[in-house]
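Report on the following structure.
Within every chain, numbering begins at 1; the chains are lettered A, B, ... in the order of the sequence lines, protein sequences first and strands thereafter.
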Amino acid sequence: MPELPEVETIANALRCGGRGGPALLGRCICRGCLMWPRTLAEPAPAEFETRIGGQAIRDINRRGKFLIFRLQADSMLVHLRMSGDLLVEPQTAPIAPHHRLVLDLDGELRLAFNDPRKFGRVWLVADPQRILAELGPEPLDPALSANQFYERLQRTHRQLKPLLLDQTFIAGLGNIYTDEALHLAGLHPLHNSHHLDRTQAAGLLASIRTVLEEGIQRQGASIDWVYRGGDFQNYFRVYQRTGQPCPVCGTTVERIVIGQRGTHFCRVCQPAPKGE
DNA sequence: CACGAGACCTGTTCGC
DNA sequence: TGCGAACAGGTCTCGT
């Protein structure tokens with residue numbers, strides 16, 4: 001799914017205008033209509049449709065991979081998972097095949113949640129913290145220090161790849177940016193988090209920040225058939241570059257499976273930890 | 001606690 | 001050309 005940079009790009013576009021759409025701040029949600037009921041995590045569809053009507057959009061933000069719409073009385077949280085997207089279109093447009101939820105806005109506009117794979121979820125809640133409470137720190141938050149990050153790595157004995165994908169450890173990384181960050185940091189994806197020293201931990205945090213900021217600057221990545229406007233996919237170091245040369249040393253990039261996720265790395269830049 | 005497999009879904013691409 | 005298998009940016013739950 002979209003990862004932190006893609007979600008950030010979408011939040012910015014909806015808040016301030018962009019990606020060809022207008023800003024949504026201040027607009028009122030007149031009506032909600034659900035096409036695929038399981039899209040709604042809570043409340044029940046009937047309550048959702050009555051409760052969201054008439055609420056104005058006060059702000060649009062991101063936390064981890066969640067989009068947060070602060071409304072008058074409630075917050076609407078959207079998780080795009082693997083294939084979700086949010087589109088702003090005229091109310092006169094036909095309902096596209098993969099639209100799962102549409103919100104009619106004032107100004108004859110429509111906010112549509114489009115999600116071919118139906119993994120995405122939407123919540124309408126009074127207190128967003130109840131849903132977001134388990135998320136780990138924001139990687140780009142300056143309050144997250146290298147020392148704190150080192151301590152968090154020390155607290156567990158897990159392989160780096162699945163650990164970085166764990167949203168309770170750090171919020172916002174997905175398969176792309178995890179592979180990219182580990183390559184930039186020169187760390188093998190199977191490296192045990194407990195065995196990193198302080199220098200390696202600081203380097204990993206810095207690498208995570210570098211690849212996320214690059215992703216945001218390039219408006220995210222557009223891969224497969226899902227075009228989202230960004231072009232970070234043209235700057236991948238290892239992700240989806242199996243068999244191609246490592247941009248640093250020229251060694252062939254390899255693909256292995258860790259935790260059922262395709263994992264791309266360079267065996268020279270990211271040497272296997274001792275004992276593996 | 002750490003890890004692996006299966007589930008939830010549809011669409012595209014790959015290999016024979 | 002056709003068909004099944006593998007694969008896809010995520011997360012949850014269960015079993016070991």
[X] [atom1] to [N] [atom2], straight-line distance once rounded to whole Å:
X: K161(A); N: dT11(C); atom1: NZ; atom2: P; value: 13 Å
X: R261(A); N: dA8(C); atom1: CZ; atom2: P; value: 8 Å
X: F119(A); N: dC7(C); atom1: CZ; atom2: P; value: 16 Å
X: D85(A); N: dT10(B); atom1: CG; atom2: P; value: 18 Å
X: L165(A); N: dT11(C); atom1: CG; atom2: P; value: 8 Å
X: H99(A); N: dT10(B); atom1: NE2; atom2: P; value: 17 Å
X: M35(A); N: dC9(B); atom1: CE; atom2: P; value: 18 Å
X: L153(A); N: dA2(B); atom1: CG; atom2: P; value: 13 Å

Distance, [atom1] atom - from [M] to [N], rounded to whole angstrom:
N: dG4(C); M: dC9(B); atom1: P; result: 22 Å
N: dA5(C); M: dG6(B); atom1: P; result: 15 Å
N: dG11(B); M: dT1(C); atom1: P; result: 23 Å

Could you tell me whether the phosphate oxygens of [N], OP1 or OP2, come under 4.0 Å of any side-chain nitrogen or oxygen in [X]?
X: R255(A); N: dA8(C); result: yes
X: T156(A); N: dA2(B); result: yes
X: K118(A); N: dC8(B); result: no
X: R158(A); N: dC3(B); result: yes
X: Q159(A); N: dA2(B); result: no
X: H98(A); N: dG11(B); result: yes
X: H79(A); N: dT11(C); result: yes

- Query: Out of dG10(C), dA2(B), dT11(C), which nucleotide sits closest to the side chain of H157(A)?
  - Reply: dA2(B)
Might you list the N or O atoms of the protein lying below 3.5 Å from N or O atoms in nucleotides 5-7 of chain B, with each pair's distance?
from   : atom 1 : to      : atom 2 : distance (Å)
dA5(B) : N7     : Q260(A) : OE1    : 2.7
dG6(B) : N7     : Q260(A) : NE2    : 3.3

Can you tell me how the ring of [X] sits relative to the ring of [Y], calling it parallel under 30°, perpendicular over 60° and tilted otherwise?
X: H79(A); Y: F66(A); answer: perpendicular
X: F232(A); Y: Y235(A); answer: parallel
X: F149(A); Y: F169(A); answer: tilted

Which pairs would a plain distance check flag for residues 25-34 of chain A, meaning a side-chain donor or acceptor within less than 3.5 Å of a matching protein atom at least two apart in sequence or in another chain?
from   : atom 1 : to      : atom 2 : distance (Å)
R27(A) : NE     : A23(A)  : O      : 3.2
R27(A) : NH1    : D106(A) : O      : 3.4
R31(A) : NE     : D104(A) : OD2    : 3.3
R31(A) : NH2    : D104(A) : OD2    : 3.4

- Inspect the surroundings of CZ in R267(A) and state if more than 12 heavy atoms from other residues, nucleotides or ligands are less than 6.0 Å away.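 Result for CZ/R267(A): open.
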- Task: Could you tell me whether Q129(A) atom CD has more than 12 heavy atoms of other residues or ligands within 6.0 Å of it?
- Result: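 More than 12 within 6.0 Å, yes.
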- Message: By the 4.0 Å heavy-atom rule, please label R121(A) as base, sugar-phosphate, or nothing.
- Response: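 R121(A): no heavy atom of the nucleic acid under 4.0 Å.
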- So what does Y239(A) touch, heavy atoms closer than 4.0 Å: a base, only the sugar-phosphate, or nothing? sugar-phosphate
- Show your working on salt bridge (charged side-chain N to carboxylate O under 4.0 Å, His left out) between E214(A) and R209(A) and close with a plain yes or no. CA-CA 8 Å; E214(A) 263 184 58; R209(A) 287 174 167 164; over 6 Å; no
- Nucleotide-level pairing of DNA chain B, given in dot-bracket where Watson-Crick and G-U pairs need both distances under 3.5 Å and | marks other strands: .|||||||.|||||||
- Test: E6(A) and R218(A) ion pair at under 4.0 Å: no
- Message: Quick test of your reading of the model: are R237(A) and D179(A) salt-bridged, counting only N-O distances below 4.0 Å?
- Response: no
- Message: Between Q55(A) (side chain only) and D74(A) (backbone N and O only), is there a donor and an acceptor less than 3.5 Å apart?
- Response: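 Yes: the side chain of Q55(A) pairs with the backbone of D74(A).
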- Can you check whether L160(A) reaches L190(A) side chain to side chain, under 4.5 Å on heavy atoms?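 Result no, sub-4.5 Å side-chain heavy-atom pair not found.
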